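Note: hydrogens, waters and symmetry copies are ignored here, and every other heavy atom, side chains too, is used. Lettering of chains follows the sequences in order, A, B, ..., and the numbering in each one begins at 1. Since the structure is predicted, the reported quantities are computational estimates derived from the model, not experimental observations.
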Number of protein chains: 2
Amino acid sequence: MTANRPTIHDVASRAGVSKSLVSLALRGSPKVSEASRAVILQAAAELGYRPNAAARSLADRRSRTIGVLILDLHNPVFAEILDGVQTQVRREGFSTMLVSGGADPVLEQAEIDTLLQFQVEGLILISHRLAPAALRSISSEVPTVVVTRDDITAPRLDTVSNDDIAGAGLAVDHLVSLGHLQIACLTGGDNPVSHARERGYREAMARHGLTSHTHIVPGGLTDTAGYAAAAEALESSPTALFVANDIAALGAIAAIQDAGLIVPDDISVVGYDGIAIGGLRSVNLTTVVQPLAELGHLAAEHLVARIEHPQSRARHTRVESRLTVRGTTTRAVPVSR
Amino acid sequence: MTANRPTIHDVASRAGVSKSLVSLALRGSPKVSEASRAVILQAAAELGYRPNAAARSLADRRSRTIGVLILDLHNPVFAEILDGVQTQVRREGFSTMLVSGGADPVLEQAEIDTLLQFQVEGLILISHRLAPAALRSISSEVPTVVVTRDDITAPRLDTVSNDDIAGAGLAVDHLVSLGHLQIACLTGGDNPVSHARERGYREAMARHGLTSHTHIVPGGLTDTAGYAAAAEALESSPTALFVANDIAALGAIAAIQDAGLIVPDDISVVGYDGIAIGGLRSVNLTTVVQPLAELGHLAAEHLVARIEHPQSRARHTRVESRLTVRGTTTRAVPVSR
DNA sequence: CACGATCGTTGGAACGTTCCAAAGAAAGGG
DNA sequence: CCCTTTCTTTGGAACGTTCCAACGATCGTG
């Protein structure tokens with residue numbers, strides 16, 4: 001193509017100094033005289049010089065780059081966490097390489113290998129599907145922080161997540177305070193997060209002396225899974241539903257409406273996550289919102305700390321979720337049955 | 001930290017051969033004898049050797065990496081395009097560096113500079129807010145493809161987008177075929193995409209001899225903008241609304257419901273984009289869907305082609321959007337007014 | 001006014017690869 | 001059997017940077 005990219009040598013010869021001095025000047029060293037600095041900056045600007053990150057990382061033996069694996073780009077939960085990660089990582093002076101393995105352990109491992117080839121200095125996993133052994137091996141090789149999950153531990157592996165058990169408790173507390181007794185739980189299927197939320201529901205019901213009303217319907221984390229689970233749940237006439245996540249909650253609401261019932265008048269619904277769509281006026285979902293951007297921030301902070309002190313002991317940070325009451329919950333009507 | 005990463009030298013000495021042969025063997029050259037290959041692969045595996053991408057890119061003078069700028073991570077439209085980009089880029093044997101400038105021209109430029117420092121071989125801009133001059137300067141320096149916009153052109157700048165004018169036409173055609181005459185258009189504000197969709201609406205209305213019914217209400221691309229615009233539009237009693245995008249359409253629907261009217265019985269609504277949420281059962285939005293993943297695929301293909309032939313002339317690819325009829329549109333009721 | 005300090009500057013080595021020319025070994029042909 | 005040819009292997013240079021030891025000036029200082 002057109003001329004080759006200018007190198008530090010080109011800048012040096014144009015400025016009439018040595019490459020070493022250019023290197024110093026460009027990185028703002030105080031040992032460079034004002035005169036030289038001006039000439040060099042000028043020459044660099046004229047040539048449109050841009051340092052070569054590969055060469056730099058090779059000479060420096062550090063890349064100033066962090067690798068991020070995201071479980072699923074479509075899922076707004078992860079996208080929002082990613083956003084928090086990005087801004088904080090940038091602020092700490094690192095760049096980011098993003099990959100996604102589409103929730104497939106094999107692909108995820110391959111993508112992480114690619115990241116490691118680029119000598120990333122650390123890894124943030126915005127959820128993952130890796131086997132415990134794989135994750136341990138990765139985290140022993142490079143500073144790693146897992147967001148959203150805290151079920152796998154390793155000596156130097158940090159985690160950042162919300163307290164799903166407590167969060168589910170908030171949802172149940174809210175429904176109970178509105179007078180609901182027949183509160184069903186639509187689970188999110190077989191994954192650590194959903195298990196925790198289910199357990200939170202169960203414990204909260206027990207706490208309120210409602211163990212006998214506990215009703216758990218197996219579901220999933222998608223719209224259609226929520227629809228199906230809700231359809232099944234309706235057979236036992238609950239007055240409220242706690243659903244494992246917001247997307248499934250939306251499916252559940254559709255099922256309720258299709259059954260000719262009205263949300264929240266006939267049935268109240270609470271979701272989990274606090275994705276943006278839930279806040280749209282036409283949706284207006286009551287939900288347990290996780291501070292997603294904050295999860296991302298914290299992950300980045302932890303990672304940078306671990307890069308600086310690789311041997312520090314594992315930190316497991318829990319952020320607090322809170323209930324946002326919107327339009328899908330209301331007082332239970334006294335059953336006249 | 002623990003021991004340093006093994007290099008090609010370590011592999012070489014463990015295998016008892018020269019570094020050059022290791023390099024050859026690892027890249028699968030046919031000139032390596034079976035015996036040596038086996039020994040080398042074995043040694044590499046034992047050491048957990050992983051090639052250093054920085055060194056490779058330096059020696060190779062190519063990075064096999066593509067930079068991607070995304071306008072907004074939260075927006076599902078862009079996320080889905082990104083997904084299409086990622087899979088195709090990977091398939092072509094490249095890695096990806098993702099950045100986002102949060103729709104801020106200054107930040108976007110800074111992020112692109114970072115990408116260029118990493119010697120990315122090409123750039124995919126999933127929309128952007130760059131000034132024409134900035135974009136031209138970038139595209140003259142490195143192969144570049146812009147997705148979603150085709151309003152700025154440059155000699156070697158490819159674009160991939162959908163035909164917003166034709167797409168808007170589909171929406172209007174559909175509404176007209178259902179007997180609607182009072183079709184209002186809620187615009188998406190002051191940006192190239194929204195302008196095109198508005199123009200498509202206008203032209204289609206004219207084509208159907210409905211110029212006198214043309215009613216344009218300025219809006220925006222967000223939920224709340226859609227709500228406000230719809231509230232205003234309702235004053236002139238339309239029977240159908242064409243809204244600039246899906247998110248705003250959801251806001252519009254909320255406004256209609258808040259006014260005590262029913263979608264679609266009283267008012268039909270058509271959106272644009274085809275984001276996943278629109279397909280959820282409780283939303284069920286009729287919309288013009290763009291093949292988002294395909295946009296991403298094409299962008300990646302074009303970019304790779306341009307990397308191979310930098311001087312080829314600019315390509316402007318248009319993909320076809322199609323109407324997906326769901327639950328928010330129905331026949332117009334004869335006005336009894 | 002010679003003499004360490006200090007300051008600004010420099011060339012060369014290093015980082016971990018790939019490429020290239022050339023060397024060595026094995027094999028085939030006369 | 002010696003001489004090509006072919007196959008396999010090798011050391012060294014290069015890529016663009018940073019670091020380091022050392023350099024010549026400039027400078028007070030005794």
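Nearest heavy-atom pair across B:V304 and B:F94 is CG2-CE1, 4.0 Å. The minimum heavy-atom distance linking B:G93 with B:R64 is given by the pair O-NH1, 3.3 Å. Of all heavy-atom pairs between B:S57 and B:S63, the closest is CB-CA, 3.9 Å.
For the residue pair B:R27 / B:S23, a side-chain donor-acceptor distance below 3.5 Å is found, with atom types taken as modelled.
Atom-to-atom, OH of B:Y49 to C1' of C:dG16 comes out at 7 Å; the value is rounded to the nearest Å. Rounded to whole Å, the distance from CG on B:N52 to P on C:dT17 is 5 Å. If you take CD1 of B:I40 and P of D:dT8, they are 13 Å apart, rounded to a whole angstrom. Separating the CG atom of B:L26 from the C1' atom of C:dC19 is a distance of 16 Å, rounded to the nearest angstrom.
Comparing the local axis fitted to the first five base pairs of the helix from C:dC1-D:dG30 to C:dG30-D:dC1 with the one fitted to its last five gives a bend of 60°, rounded to 10°.
Nearest-nucleotide mapping onto DNA chain C: of A:P30 and A:S20, the residue sitting toward the 5' end is A:P30. Of the two residues contacting DNA chain C, namely B:L58 and B:K31, the nearest-nucleotide position lying further toward the 5' end is that of B:L58. Checking B:V17 against B:A55, the closest nucleotide of DNA chain D that is more toward the 5' end is the one next to B:V17.
The backbone N or O of A:R315 sits less than 3.5 Å from a side-chain atom of A:D158, completing a donor-acceptor pair.
When the shell of 6.0 Å around NE2 of B:H309 is examined, it contains 12 or fewer heavy atoms from other residues, nucleotides or ligands.
Residue A:S36 is classed as a sugar-phosphate contact, given heavy-atom separations below 4.0 Å to backbone atoms only.
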